[in-house]
*Asks:* 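Got a structure here, written out as structure tokens. Questions coming.
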Number of protein chains: 2
Amino acid sequence: MPRKPNYDRNELIDRSRDLFWRRGWAGTSLKDLEAVLQMKPGSFYAAFGSKDALFKLAMEKYAMDGLERLKQMAEKLGPIKALQRFPMMAIENEDAPAKACMLSKTLLELQAHNHPLAKEANLHLLRMESHFAELFEQAQAFGEIDSDLDPQVLARRYQSDLLGLRVSAEREGIDATAIATEIADSLARL
Amino acid sequence: MPRKPNYDRNELIDRSRDLFWRRGWAGTSLKDLEAVLQMKPGSFYAAFGSKDALFKLAMEKYAMDGLERLKQMAEKLGPIKALQRFPMMAIENEDAPAKACMLSKTLLELQAHNHPLAKEANLHLLRMESHFAELFEQAQAFGEIDSDLDPQVLARRYQSDLLGLRVSAEREGIDATAIATEIADSLARL
DNA sequence: TGCTTTCTTGAGCGGTCACTCAAGTATATA
DNA sequence: TATATACTTGAGTGACCGCTCAAGAAAGCA
């Protein structure tokens with residue numbers, strides 16, 4: 001009986017993610033979103049409820065995609081090779097709206113205000129870290145790295161390096177690929 | 001003939017730096033600044049000109065203090081020990097308004113808008129990186145690390161690690177001291 | 001075709017933003 | 001003490017913020 005929306009909700013979330021990722025939470029206004037989504041305020045609020053609610057959806061998609069890419073890479077290359085290539089992949093995609101990680105950007109922007117989205121970002125980062133740990137564990141099982149090392153510790157350091165790499169990649173005039181290579185090399189020495 | 005300001009300009013910049021460091025650029029409103037500085041809008045604009053101008057001053061002080069601490073540490077401990085201790089020092093100060101680096105926070109927040117303050121932040125980061133490189137060079141001259149390595153490359157990687165560490169330290173439930181220790185350890189292996 | 005139900009539109013809400021300025025106040029010099 | 005010269009005050013500026021809602025348009029069902 002009713003009328004269907006004339007947009008693809010999933011694609012709208014993608015476009016929002018790109019905008020939020022690049023410009024951040026405060027840096028993205030409703031007007032910006034309306035322009036990119038081609039939506040008037042009424043439709044926007046009917047569809048998503050609020051700017052924060054959409055940001056949450058965008059961040060979830062961002063995190064899910066990242067995890068998915070890591071899993072696919074691990075299936076194709078095995079755990080250690082996946083971990084080695086992941087940093088380079090994260091920074092070499094020219095189409096991405098930003099080099100830096102959307103989760104860390106959100107965390108840094110909103111943590112001081114105790115904004116719920118900061119906690120959300122931290123949660124996604126924890127999930128990613130867990131999967132890094134799993135891969136390190138698998139690599140140990142395969143005898144690819146020293147099995148005396150603690151996978152959790154390795155994962156935490158790895159994620160920290162990755163976040164640093166991606167902040168550096170955001171800078172102008174910095175050759176981040178060299179850093180990515182070094183991160184990969186240091187994994188080979190474990 | 002005139003009247004003197006009844007405030008210590010330097011201390012006002014310190015307080016602004018702490019607020020900006022913690023809350024970021026968009027996250028700090030004029031009202032916030034007026035409250036912390038105990039100034040009415042008129043005085044504020046007479047003293048500093050604009051929010052951005054004060055942010056610039058705050059960031060300059062932030063960068064100068066960081067560089068100063070590094071130099072003092074290097075004088076006291078020598079280059080390599082200073083580089084080893086610097087990461088831990090950066091995250092263990094409980095009085096600091098934030099663990100993450102103000103320069104990287106500013107860069108991530110404002111880079112997408114081509115805001116002049118983002119370029120300014122990048123410049124301060126470059127200056128810091130140069131000094132890291134100097135210390136690596138000195139360490140080579142002292143025979144403390146392999147002299148075949150490129151000090152510039154070492155410095156870039158070191159700064160990247162440091163930025164990652166400080167993002168991680170900002171997170172809740174992450175033991176950043178372990179990461180700091182590992183950064184120090186990996187310098188010992190050069 | 002007519003009715004119901006949803007989606008779309010866009011003017012406009014109260015609030016906050018960075019900032020201004022005219023008036024008042026304090027102080028160093030003449 | 002009188003005057004010139006800042007500094008301080010705070011109400012008020014226009015612009016933008018996230019968001020609301022009443023009215024109109026479109027599509028599925030009878």
Side-chain angles (χ1 to χ4, degrees), chain A residues 1-13 15-59 105-106 109-110 112-118 120, chain B residues 1-13 15-59 105-106 109-110 112-118 120:
Chain A
M1 28 164 130
R3 184 180 164 189
K4 277 177 190 163
N6 62 359
Y7 52 75
D8 177 350
R9 183 179 169 87
N10 242 2
E11 207 216 298
L12 292 192
I13 296 175
R15 277 190 256 164
S16 309
R17 177 205 55 205
D18 287 358
L19 199 59
F20 280 134
W21 182 359
R22 207 174 107 74
R23 308 239 213 177
W25 180 82
T28 306
S29 74
L30 253 292
K31 238 186 163 188
D32 295 335
L33 287 166
E34 284 163 31
V36 160
L37 305 182
Q38 296 277 53
M39 277 179 124
K40 307 296 169 191
S43 300
F44 179 91
Y45 282 90
F48 301 114
S50 72
K51 179 185 168 180
D52 282 8
L54 178 56
F55 195 102
K56 187 161 177 261
L57 290 174
M59 202 160 54
K105 285 183 79 169
T106 304
E109 183 182 4
L110 300 177
H113 299 286
N114 287 322
H115 194 297
L117 288 169
E120 201 72 21
Chain B
M1 24 156 128
R3 184 181 165 190
K4 276 179 192 165
N6 61 0
Y7 53 76
D8 176 349
R9 182 179 170 87
N10 242 2
E11 207 215 299
L12 292 192
I13 296 176
R15 278 192 255 164
S16 308
R17 177 204 55 205
D18 287 358
L19 199 59
F20 280 133
W21 183 0
R22 209 175 105 73
R23 308 240 214 177
W25 180 81
T28 306
S29 73
L30 253 292
K31 237 186 163 189
D32 294 335
L33 287 166
E34 284 164 30
V36 160
L37 305 183
Q38 296 277 53
M39 278 178 123
K40 308 297 170 192
S43 299
F44 178 91
Y45 282 89
F48 301 114
S50 72
K51 179 184 166 180
D52 283 8
L54 177 55
F55 195 102
K56 185 160 179 263
L57 290 174
M59 201 158 56
K105 286 184 77 170
T106 304
E109 184 181 3
L110 300 178
H113 300 283
N114 287 323
H115 194 297
L117 287 169
E120 201 72 22

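Below, chain A is the first sequence line, B the second, and so on; all start at residue 1. Since the model is a prediction, treat every value here as computed from it, not as a measurement.
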*Asks:* Using whole Å, what does the distance between atom P of nucleotide dA26(C) and atom OH of Tyr7(B) come to?
*Replies:*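 Nearest whole value for this atom pair: 17 Å.
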*Asks:* Side chain of Glu109(B), backbone of Gly24(B): donor and acceptor closer than 3.5 Å?
*Replies:*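 A pair under 3.5 Å: no.
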*Asks:* Taking DNA chain C as the partner, which of residues 44-58 of chain B come within under 4.0 angstrom of it by heavy atom?
*Replies:*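 Hits under 4.0 Å, by residue number: Tyr45(B), Ser50(B), Lys51(B).
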*Asks:* Kindly determine whether Phe48(B) and Arg9(B) satisfy side-chain contact (heavy atoms from CB on, under 4.5 Å), including the steps that lead there.
*Replies:* CA-CA 10 Å; Phe48(B) 301 114; Arg9(B) 182 179 170 87; 3.5 Å; yes
*Asks:* Which residue pairs pass the side chain to side chain donor-acceptor pair (under 3.5 Å) test with at least one member in residues 37-49 of chain B, sequence neighbours excluded?
*Replies:*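 Every candidate side chain to side chain donor-acceptor pair (under 3.5 Å) pair involving residues 37-49 of chain B fails, so no pair, neighbours aside, qualifies.
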*Asks:* Applying salt bridge (Lys or Arg N to Asp or Glu O under 4.0 Å), which residue pairs with at least one partner in residues 16-36 of chain B are found, sequence neighbours left out?
*Replies:*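 Every pair satisfying salt bridge (Lys or Arg N to Asp or Glu O under 4.0 Å) with a residue in residues 16-36 of chain B: Asp14(B)-Arg17(B), Arg17(B)-Asp65(B).
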*Asks:* What is the minimum heavy-atom distance between Ala53(B) and Ser50(B), and which atoms define it?
*Replies:*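 In terms of heavy atoms, the two residues are closest at N-OG, 3.0 Å.
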*Asks:* Can Phe20(B) and Lys51(B) be said to form a side-chain contact (heavy atoms from CB on, under 4.5 Å), step by step?
*Replies:* CA-CA 10 Å; Phe20(B) 280 133; Lys51(B) 179 184 166 180; 4.2 Å; yes
*Asks:* Among residues at least two apart in sequence or on other chains, which ones pass salt bridge (charged side-chain N to carboxylate O under 4.0 Å, His left out) with Lys56(A)?
*Replies:*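 Expected list: Glu60(A).
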*Asks:* Please tell me if Asn6(B) has a side-chain N or O lying less than 4.0 Å from either OP1 or OP2 of dA26(C).
*Replies:*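 No.
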*Asks:* Quick one: salt bridge (charged side-chain N to carboxylate O under 4.0 Å, His left out) partners of Arg15(A), sequence neighbours excluded?
*Replies:*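 Partners of Arg15(A) by the salt bridge (charged side-chain N to carboxylate O under 4.0 Å, His left out) criterion, ordered by chain and then number, come out as Glu11(A).
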*Asks:* Can you sort out which residues in residues 20-42 of chain A have a heavy atom within less than 4.0 Å of DNA chain C? Ascending by number, please.
*Replies:*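 Correct list: Lys40(A), Pro41(A), Gly42(A).
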